J.: 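This is the structure I have questions about; it appears just below.
Computation of the quantities below employed the complete heavy-atom set of this structure, encompassing side-chain atoms and omitting hydrogens, waters and symmetry-equivalent molecules. Just so it is clear: chains get the letters A, B, ... in the order the sequence lines come, proteins before strands, and each one is counted from 1. It should be emphasised that the depicted structure is a prediction, and the values quoted were computed from it without experimental measurement.
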Protein chains: 2
Amino acid sequence: MGVSKTEMFTDLQNEISIISKAFSHPARVTILQYLFKIDSCVCGDLVNEIGLAQPTISQHLKELKHLGLIKGNVEGTSVCYCINHEKWATMKTVMSEFLDQDIPKKNDCC
Amino acid sequence: MGVSKTEMFTDLQNEISIISKAFSHPARVTILQYLFKIDSCVCGDLVNEIGLAQPTISQHLKELKHLGLIKGNVEGTSVCYCINHEKWATMKTVMSEFLDQDIPKKNDCC
DNA sequence: TTTGTTTATCGTAATATTGCAATATACAAA
DNA sequence: TTTGTATATTGCAATATTACGATAAACAAA
């Protein structure tokens with residue numbers, strides 16, 4: 001029915017999937033990479049950097065902001081976005097633990 | 001229009017998003033965790049482990065297999081699935097590089 | 001061959017995501 | 001106040017994802 005049955009999974013399993021969903025669109029990956037590259041804040045030139053329309057970029061920014069990975073700061077008419085380094089660090093811990101579960105490798109029947 | 005404009009992004013940006021999409025559903029996260037936990041192969045008991053219907057699990061397995069993260073081996077009437085450790089390792093490299101881009105942290109206006 | 005077991009596929013319904021034109025909002029400058 | 005600029009929101013269309021019943025396919029055992 002198109003609905004994820006979140007209640008049958010653990011909080012961690014849901015958290016991993018929510019974080020991953022944020023990275024599951026190349027525009028959001030590109031936004032994050034650009035924010036890291038610029039290092040300081042960036043305003044509306046994401047629209048020029050990426051070839052998508054302004055409302056589309058705004059929507060992607062909203063999702064990243066809602067998840068807490070970026071912060072927005074109003075400066076006059078423009079809005080300055082930058083990475084939320086604290087949130088990024090905690091997110092990285094969660095994802096790294098998930099990615100690093102492949103240490104033993106005992107049996108392999110395939 | 002619901003279509004990701006993949007052609008305007010780099011191969012790496014698209015690769016990160018494709019990998020992340022595989023992890024963007026808690027059922028697939030759970031399947032992978034279970035395969036790691038069991039370590040050796042597993043057959044149809046994923047349906048019992050997770051509370052989803054058999055066709056749904058089969059569909060999630062198909063996506064993970066298509067991406068190459070798991071391998072399937074037919075054994076009589078059942079199919080034995082297990083982690084593709086080589087593919088997992090290369091995937092981890094790509095994702096780790098993306099997650100580890102937050103080293104400097106010079107300016108922060110937000 | 002028939003029967004039971006396991007997994008895959010098909011078809012379809014419900015919902016989510018993506019994209020953008022149009023418009024609204026907020027504010028600086030004239 | 002008016003005008004221009006930057007960003008957010010609304011509304012809608014196109015497409016993708018998720019879920020599962022029904023069914024098919026593959027095979028082992030009787």
J.: Output the distance between atom CD1 (A/I70) and atom NZ (A/K62), rounded to the nearest 0.5 Å.
T.: 12.5 Å
J.: Without decimals, in angstroms, what is the distance between B/Q59 CD and D/dG21 C1'?
T.: 13 Å
J.: Can you check whether A/K21 has a side-chain N or O nearer than 4.0 Å to OP1 or OP2 of C/dT17?
T.: yes
J.: How long is the line joining CD1 of A/I31 and P of C/dG19, in whole Å?
T.: 10 Å
J.: Could you check which of C/dT18, D/dC20, D/dT7 has an atom nearest any side-chain atom of A/E63?
T.: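 It is C/dT18.
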J.: Ignoring backbone atoms, test whether A/T56 places a side-chain nitrogen or oxygen under 4.0 Å from the OP1 or OP2 oxygen of C/dC20.
T.: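 Yes.
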J.: Taking the six-membered ring for Trp, are B/F23 and A/F23 ring centroids under 6.0 Å apart?
T.: no
J.: Nearest whole Å is fine: how far is C/dA26 P from A/N73 CG?
T.: 17 Å
J.: Starting from C1' on D/dA16, measure out to NE2 on B/H25 and report it in whole angstrom.
T.: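 Between C1' of D/dA16 and NE2 of B/H25: 13 Å.
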J.: Within the pair B/Y81 and C/dT6, is there a side-chain N or O less than 4.0 Å away from OP1 or OP2?
T.: no
J.: With no angle test and no hydrogens, is the base of D/dA8 tied to the side chain of A/Q54 by a donor-acceptor pair under 3.5 Å?
T.: yes
J.: What is the distance, rounded to the nearest whole Å, between atom CD1 of B/I57 and atom C1' of C/dT6?
T.: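 Interatomic distance, CD1 of B/I57 to C1' of C/dT6: 14 Å.
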J.: For A/H60 and C/dG19, is the shortest distance between a side-chain N/O and OP1 or OP2 below 4.0 Å?
T.: yes
J.: Taking C-beta and beyond as the side chain, do A/L12 and A/V94 meet within less than 4.5 Å on heavy atoms?
T.: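 Heavy-atom side-chain distance check passes, below 4.5 Å.
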J.: Between B/L61 and A/P55, who's closer to the 5' end of DNA chain C by nearest nucleotide?
T.: B/L61
J.: Can you tell me how far P of D/dT17 sits from CG of B/L64, to the nearest Å?
T.: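 Distance check: B/L64 CG to D/dT17 P gives 13 Å.
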J.: Hey, are A/Q33 and B/Q101 close enough side-chain-wise for a donor-acceptor pair under 3.5 Å?
T.: no
J.: Starting from P on C/dT18, measure out to CD1 on A/I50 and report it in whole angstrom.
T.: 13 Å
J.: Is there a side-chain contact between B/T77 and the phosphate of C/dT5, meaning an N or O under 4.0 Å from OP1 or OP2?
T.: no
J.: Can you find a pair of side-chain heavy atoms, one from B/I38 and one from B/Y81, that are under 4.5 Å apart?
T.: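 Counting from C-beta outward, B/I38 and B/Y81 never come under 4.5 Å.
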J.: Distance check needed: D/dT17 C1' versus B/H66 NE2, whole Å only.
T.: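 Result: 16 Å.
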J.: Choosing from C/dC20, D/dT7, D/dA8, which nucleotide comes nearest the side chain of A/S78?
T.: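 That would be D/dT7.
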